[in-house]
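Atoms within a ligand are numbered from 1 in the order they appear, just like the ligands themselves. Note that this is a predicted model, so its numbers are computed, not measured.
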Amino acid sequence: MSRIAAREGAVNLAQGFPDFAAPEAMKRAAGAAIDADVNQYAVTWGAPRLRRAVAERTSTYNQVATDPDLHVTVTCGATEAMIAAMLAVVNPGDEVIIFEPFYENYGPDCTLSGAVPRFVRLRGKDWEMDRDEVRAAFGPKTKAILINTPHNPTGKVFGRDELEFLAELCREHDVLAITDEIYEYILFDGTEHLSIGSLPEMAERTITISGLSKTWSATGWRIGWCIAPKHLTEAIRKVHDFLTVGAPAPLQEAAADALAFKPEYFDGLRATYEKRRDILLPALRETGFRVHAPKGAYYIMAGIEDLRAAGQTDTDFAMALAAKGGVATVPGSSFFHDPKDGVDIIRFCFAKKFETLDAAARILRARLGA
Ligand code: PLP
């Protein structure tokens, strides 16, 4: 859709990346690291300064006690962390439970690692899970459950009660939790983030993934990390070594500085994202989309039931909306294993400058407004 946006001259609210600058101090630190000739391979599993910074943040913010030498692997983004974790722990034929709709990469991650995905639907305006369905998905072949909170594409933030329920099932069935928390600092309306790895007896069976891309607005730097118990970290580091050797060395140094930013940085991030959300939401409501305010991450799932012409799919609708200087979005079918299930949805990304969001709102009102 980003390519289509460029072709059509559309405002791009499709792919999940910011169109605004990354933090100045972090950019300066990267320049300084390059000037200081930090230009060769870092330690394969991560530069010591960055591992210490990740361990410090994970131990305090996420409440998962983390040792930089035993538990941290720095990767090329959360994307590599996820596939390295899956390749390290999944044997072909093992089942992995995935909540649906899901971030597109989890499907190919299963294919590459030989995992058999078991999809469990999130439903309703709060994207709730049906506990009986979740319980039924756990069986003798289940190796792991994949959790993503705050959740792309829905903006759901898993609550304590839900995570305690999932943790109980993981302990009962001896299943691993692989949790993608890349949006952990982007939260709205006072919602709090909770890591399943912080719950009793879960650190030993949880792989927690995060990275620089979203919180520090640097998706192109390709810096991520995963936290896992020692025996899993040993396996993940081996896979990581042969996938990529390591993440960019000078950018790891800058990332170490960025992780040490003061609380005001994270407060400011949350507040400005809430403002961005609150520019797009009313424009979508007024123009006939069915929307609910997301609690976290930077997407809005918009129902197109009342806008879609008979016979038009979500992809047709998204193409028409992007055409000739329109607004580019992602068709809902991208987030379901059966594309039919996403036919009434498109996803908007609001990680954009205020003026980009204002421009998108103007176009929506002009095209779809009453
Ligand atoms: N995980 C989720 C849920 C995402 O939405 C994204 C990007 O959109 C990623 C991971 C990718 O993260 P990274 O840039 O660190 O590879």
Side-chain angles (χ1 to χ4, degrees), residues 1-2 12-19 22 26 46 50 54 57-58 62 72-87 96 98-110 112 117 122 127 144-158 177-187 193 195-196 207-227 236 239-240 243-244 246-248 251-252 254-255 258-259 273 277 294-301 328-332 334-336 347-352:
M1 289 309 291
S2 287
N12 188 359
L13 303 192
Q15 212 178 346
F17 63 87
D19 68 349
M26 186 177 85
L50 178 54
V54 168
R57 262 214 167 270
T58 315
N62 306 77
V72 181
T73 308
V74 174
T75 55
C76 293
T79 301
E80 195 223 333
M82 181 58 76
I83 189 62
M86 296 271 285
L87 289 169
V96 171
I98 299 178
F99 290 106
E100 186 176 48
F102 56 88
Y103 171 54
E104 307 98 294
N105 282 23
Y106 301 156
D109 287 335
C110 285
L112 288 171
L122 301 171
W127 300 97
I145 180 165
L146 235 160
I147 296 162
N148 170 214
T149 184
H151 186 252
N152 173 12
T154 66
K156 176 186 175 68
V157 178
F158 283 75
I178 306 180
T179 170
D180 178 344
E181 302 184 7
I182 190 91
Y183 298 101
E184 60 194 329
Y185 292 96
I186 303 178
L187 299 158
H193 175 69
S195 294
I196 194 168
I207 301 174
T208 307
I209 293 172
S210 193
L212 211 67
S213 284
K214 313 293 174 175
T215 306
W216 289 271
S217 309
T219 57
W221 281 30
R222 313 309 306 132
I223 302 279
W225 49 84
C226 73
I227 313 302
I236 292 167
V239 176
H240 160 72
L243 282 177
T244 63
L251 305 186
Q252 291 194 50
L259 264 73
Y273 267 117
R277 179 194 69 167
K295 293 288 182 206
Y298 49 48
Y299 306 99
I300 299 173
M301 287 287 254
T329 59
V330 177
S334 319
F335 307 108
F336 292 86
R347 189 199 73 179
F348 289 82
C349 169
F350 58 86
K352 305 294 165 189

Chemist: What do you reckon, does Tyr299 put a non-hydrogen atom under 4.0 Å from ligand 1?
Modeler: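 Distance cut 4.0 Å: Tyr299 passes for ligand 1.
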
Chemist: Minimum heavy-atom separation for Cys226 and Ala81, please, with both atom names.
Modeler: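 Minimum heavy-atom contact is CB-CB, 4.0 Å.
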
Chemist: Mind checking whether Ala78 has an N or O less than 3.5 Å away from an N or O of ligand 1?
Modeler: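 N/O-N/O distance under 3.5 Å: yes.
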
Chemist: Applying a 4.0 Å heavy-atom criterion (strictly less than), which segment of Lys214 is in contact with ligand 1: side chain, backbone, both, or neither?
Modeler: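 Answer for Lys214: side chain.
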
Chemist: For ligand 1, find out whether one of its N or O atoms is nearer than 3.5 Å to an N or O atom of Arg222.
Modeler: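 Yes, there is a polar N/O contact under 3.5 Å.
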
Chemist: So, 4.0 Å and heavy atoms of Gly211: is ligand 1 close enough to count as a contact?
Modeler: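 False for this residue.
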
Chemist: Which atoms of ligand 1 have any heavy atom of Gly77 under 4.0 Å away?
Modeler: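 Atoms satisfying the 4.0 Å criterion: 15 (O), 16 (O).
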
Chemist: Parallel, tilted or perpendicular: which describes the rings of Tyr103 and Tyr106, with under 30° parallel and over 60° perpendicular?
Modeler: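 Correct class here is perpendicular.
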
Chemist: Ring centroids only, cut at 6.0 angstrom: are Tyr299 and Tyr183 within range, meaning strictly under it?
Modeler: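 Yes, the ring centres sit under 6.0 Å apart.
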
Chemist: Would you say Thr75's side chain and Gly77's backbone share a donor-acceptor pair under 3.5 angstrom?
Modeler: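 Confirmed, Thr75 side chain pairs with Gly77 backbone.
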
Chemist: Check for me whether the distance between the ring centres of Phe99 and Phe158 falls short of 6.0 Å.
Modeler: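 They qualify: ring centres under 6.0 Å apart.
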
Chemist: Using a strict cut-off of 4.0 Å, indicate which atoms of ligand 1 neighbour a heavy atom of Ser213.
Modeler: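 It comes down to these atoms of ligand 1: 13 (P), 14 (O), 15 (O).
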
Chemist: Using the ring of Phe17 (Phe, Tyr or Trp, six-membered ring only), decide whether Lys352 places NZ or CZ under 6.0 Å from its centre and within 45 degrees of its axis.
Modeler: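 Checked: cation-pi criterion met.
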
Chemist: Would you say Asn148 has any N or O atom under 3.5 Å from an N or O of ligand 1, going by distance alone?
Modeler: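 There is no such contact.
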
Chemist: Atom NZ of Lys295 and atom CZ of Arg277: how far apart are they, to the nearest 0.5 Å?
Modeler: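 With rounding to 0.5 Å, NZ (Lys295) is 7.0 Å from CZ (Arg277).
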
Chemist: Looking only at protein heavy atoms, identify the closest one to atom 16 (O) of ligand 1 and say how far it is in Å.
Modeler: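 Ranked first by proximity to atom 16 (O) of ligand 1 is Thr79 OG1, 2.5 Å.
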
Chemist: Going by side chain to side chain contact (heavy atoms under 4.5 Å, CB included), Pro18 matches just one of Phe350, Tyr273, Trp216. Which one?
Modeler: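 Only match with Pro18 under side chain to side chain contact (heavy atoms under 4.5 Å, CB included): Tyr273.
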
Chemist: Please confirm whether Tyr183 approaches ligand 1 to less than 4.0 Å, judged on its heavy atoms.
Modeler: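 In this structure, Tyr183 qualifies as a contact of ligand 1 - some heavy atom is under 4.0 Å.
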
Chemist: Can you tell me which residue and heavy atom of the protein come closest to atom 9 (C) of ligand 1, and the distance to 0.1 Å?
Modeler: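 For this ligand atom, the closest protein heavy atom is Tyr103 OH, 3.4 Å.
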
Chemist: I'd like to check which ligand 1 atoms, numbered from 1 as shown, lie under 4.0 Å from a non-hydrogen atom of Asp180.
Modeler: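 Contacts of ligand 1 toward Asp180, numbered from 1: 1 (N), 2 (C), 3 (C), 10 (C).
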
Chemist: Are any of the N/O atoms in Tyr106 less than 3.5 Å from those in ligand 1?
Modeler: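 So ligand 1 has no N or O lying under 3.5 Å from an N or O of Tyr106.
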
Chemist: Looking at every heavy atom in both Ile196 and Ala177, which two are closest together, and how far apart are they?
Modeler: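 The pair with the smallest heavy-atom distance is CG2-CB, 4.0 Å.
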
